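Worksheet for the structure shown next.
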Amino acid sequence: MHNPAWWQSAVIYEVYPRSFQDSNGDGIGDLDGIIQRLDYLVRLGVDAIWVAPIYRSPMADFGYDVADYCSIDPIFGTMEDFDRLLEETHRRNLRLILDFVPNHSSDQHPWFLESRSSRENPKRDWYLWRDEPNNWRSNFGGSGWEWDERTNQYYYHSFLKEQPDLNWRNPDVRAAMFDVLRFWLDKGVDGFRVDVMWLIIKDDQYRDNPPNPEFSPTQSSGNSLLTIYNSNRPEVHEVVAEMRSLIDSYPERVLIGEIYLPLKDLMTYYGLDLNGANLPFNFLLLQCPWNTQAIAKVVSEYMKVLPHGAWPNWVLGNHDNARIATRVGRSQSVIAAMLLLTLPGTLTIYYGEEIGMTNALIRAEDVQDPAEKRQPGIGMGRDPERTPLTWDSSEKAGFTQGRPWLPIGADHQTVNVEVEESDEASILNLYRRLIALRRAYPMLVGGQLGVLTTLGDLLCYERSDGSQRLVVLLNLGQSPIHAETGAGIILTGTDSRRDSEQVGNFIELRGSEGVIVEVIS
Ligand code: GLC
Ligand code: CA
């Protein structure tokens with residue numbers, strides 16, 4: 001790799017700010033809390049934090065309903081707190097990535113208040129108003145159209161009715177939103193994660209979506225149609241390219257896109273001649289069944305279709321999906337960690353993943369997420385993966401002095417930062433060792449990824465840079481495996497006692513054990 005950009009070799013850490021650290025006892029995490037915990041992230045070894053929305057918001061969708069894009073919500077602190085966060089982050093050589101929510105604002109945003117005030121208002125066309133609704137649905141269930149009494153029209157919302165969609169065909173909207181990006185870039189933020197990038201532009205003729213032949217009534221009703229006219233429209237790439245050129249007019253910034261699309265479509269978000277997102281989030285491992293063949297298949301397919309020069313990235317979890325330790329089970333979460341941290345490109349870790357946090361059980365009376373409230377009991381809720389980071393074994397887990405906004409995970413007495421920091425065998429220390437290894441062996445970031453082979457529960461692949469060769473062996477099963485490797489030395493094992501062990505041509509792996517071997521040939 002010749003002069004890689006900082007984000008290419010980065011491990012990014014997602015902070016869901018409500019749940020990271022509360023500093024003032026109101027039970028909700030805040031900017032001061034993040035500052036207090038930055039040294040933890042330095043010890044972990046990550047390079048950047050992405051902080052989910054912290055802007056002024058009525059919190060109908062916990063910050064993804066922005067009422068002022070250039071402000072800080074008082075729940076999280078003040079603009080001075082933000083400036084301090086940025087400074088403290090940079091002082092530690094960490095980067096700060098913000099969330100940008102361009103598809104929709106809050107219905108309390110002054111733009112929308114104006115837009116809905118009359119049909120003649122100059123901002124009327126900043127949102128999507130129609131006399132008649134079509135069949136487009138909200139991603140949170142139900143029709144995507146909301147009737148407005150005062151002006152006798154419907155407006156469209158891809159999510160809650162409190163989140164009206166902006167009209168990105170309107171040049172004034174683009175200009176206003178690009179000013180927002182400049183505001184934060186001028187402050188010195190290092191980039192953006194763009195919310196629902198593939199939804200930003202809709203069909204200008206508002207054609208009805210066709211039915212989804214694979215829909216079953218157990219799913220969210222949002223899945224009942226194929227969303228061909230309200231998502232992934234060709235014109236979206238124009239918008240993304242404009243965002244990118246704005247970002248690129250500042251040195252060393254990164255543009256990341258949240259995109260849930262099939263692989264082939266996802267790749268188009270790198271843009272023509274790579275003028276799109278630097279990193280269209282790769283969610284393949286979020287959706288992949290946990291077995292060697294499925295993993296080998298998605299990893300090699302992804303690498304194969306990556307456009308020339310495009311930079312790969314990998315994700316195991318985020319604030320919208322079940323935690324990895326819950327999806328694959330606690331014993332396999334170390335295998336997931338070793339997989340993630342030995343794949344090429346940029347990696348994103350979801351807060352708590354590094355200590356093996358699991359989804360929490362949320363009682364009906366504790367439900368916060370509007371996705372669960374609107375469609376209860378079908379697994380739409382995201383509260384289970386959003387519970388407070390567990391810092392220690394005390395009652396409130398060191399997260400707050402007050403009443404936490406979501407319950408503390410029941411396993412927090414054993415799954416917490418304090419306990420794990422002092423336990424050499426913990427998953428936290430595995431994450432640290434793997435991140436350090438990635439730094440020490442740049443081939444893990446930018447080197448070749450050899451063919452992935454599977455033999456029953458054994459997944460095996462090679463990372464190399466021409467002169468050195470690392471072999472990664474992962475046991476996805478519970479039974480021991482006798483595996484062929486090359487003679488060499490274990491650099492990092494899921495069992496830290498095996499680090500530096502010499503291996504011959506064969507190696508014994510226990511159930512759920514993984515090793516990275518430097519092959520001496
Ligand atoms: C994205 C966010 C999700 C939010 C939605 C609407 O998918 O990650 O949390 O609810 O957009 O903004
Ligand atoms: Ca607080």
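Numbering of residues begins at 1 and proceeds along the displayed sequence. Each ligand, and each atom within it, is numbered from 1 in the order the structure gives. Only this structure's heavy atoms are used, side chains among them; waters, hydrogens and symmetry mates stay out. Since the structure is predicted, the reported quantities are computational estimates derived from the model, not experimental observations.
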Can you tell me which portion of [X] lies within the under-4.0 Å heavy-atom range of ligand 1? Options are side chain, backbone, both, or neither.
| X | value |
| --- | --- |
| Met197 | neither |
| His157 | neither |
| Tyr16 | neither |

[X] vs [Y] aromatic rings, parallel, tilted or perpendicular, using cut-offs 30° and 60°?
| X | Y | value |
| --- | --- | --- |
| Tyr69 | His109 | tilted |
| Tyr55 | Trp184 | tilted |
| His104 | Phe159 | tilted |

Discussion item. Donor-acceptor pair, distance only, cut-off 3.5 Å: does the side chain of Glu418 make one with the backbone of Asp392?
Written reply: no
Using a strict 4.0 Å cut-off to heavy atoms of [X], name the atoms of ligand 1 that fall inside it.
| X | result |
| --- | --- |
| Asp195 | 1 (C), 2 (C), 6 (C), 7 (O), 8 (O), 11 (O), 12 (O) |
| Arg382 | 3 (C), 4 (C), 9 (O), 10 (O) |
| Val196 | 1 (C), 7 (O), 11 (O) |
| His104 | 6 (C), 12 (O) |
| Phe140 | 10 (O) |
| Phe159 | 5 (C), 6 (C) |
| Arg386 | 9 (O) |
| His319 | 2 (C), 3 (C), 8 (O), 9 (O) |

Item to complete: Decide, counting backbone as well as side-chain atoms, whether Asn24 has an N, O or S atom less than 3.0 Å from the Ca ion (ligand 2).
Response: yes
Discussion item. Please determine whether Ile28 has a backbone or side-chain N, O or S atom lying under 3.0 Å from the Ca ion (ligand 2).
Written reply: yes
Worksheet item: Do the side-chain N and O atoms of Tyr269 and Asn232 include a donor-acceptor pair separated by under 3.5 angstrom?
Response: yes
Discussion item. Could you check whether Ser57 and Asp65, counting side-chain N and O atoms only, form a donor-acceptor pair closer than 3.5 Å?
Written reply: yes
Worksheet entry | Shortest non-hydrogen contact from Ile72 toward Phe82 | CD1-CB, 3.8 Å
Worksheet, complete the sentence: Nearest heavy-atom approach of Arg18 to Ile28 is NH2-CD1, 3.5 Å
Fill in: Test applied, ring-ring contact (aromatic ring centres under 6.0 Å, His included); reference residue, His319; option that passes from Tyr64, Tyr351, Phe20
Tyr64
Item to complete: Identify the residue among Trp111, Phe112, Trp145 that makes a ring-ring contact (aromatic ring centres under 6.0 Å, His included) with Tyr127.
Response: Phe112
Practice prompt. Return the residue, atom name and 0.1 Å-rounded distance of the protein heavy atom closest to atom 7 (O) of ligand 1.
Written response: Glu258 OE2, 2.8 Å
Worksheet item: What protein heavy atom sits nearest atom 4 (C) of ligand 1, and how far away is it?
Response: Asp61 OD2, 3.3 Å
Suppose we only allow N, O or S atoms; which atom of [X] ends up nearest to the Ca ion (ligand 2)?
| X | value |
| --- | --- |
| Asp26 | OD1 |
| Asp22 | OD1 |
| Asp30 | OD2 |

Worksheet, complete the sentence: Check: of Asp369, Asn321, Leu160, Asp320, min heavy-atom distance to atom 9 (O) of ligand 1 comes from Asp320
Worksheet item: So Asp186 and Arg182, salt bridge (charged side-chain N to carboxylate O under 4.0 Å, His left out) or not? Walk me through it.
Response: CA-CA 6 Å; Asp186 287 340; Arg182 280 190 205 94; over 6 Å; no
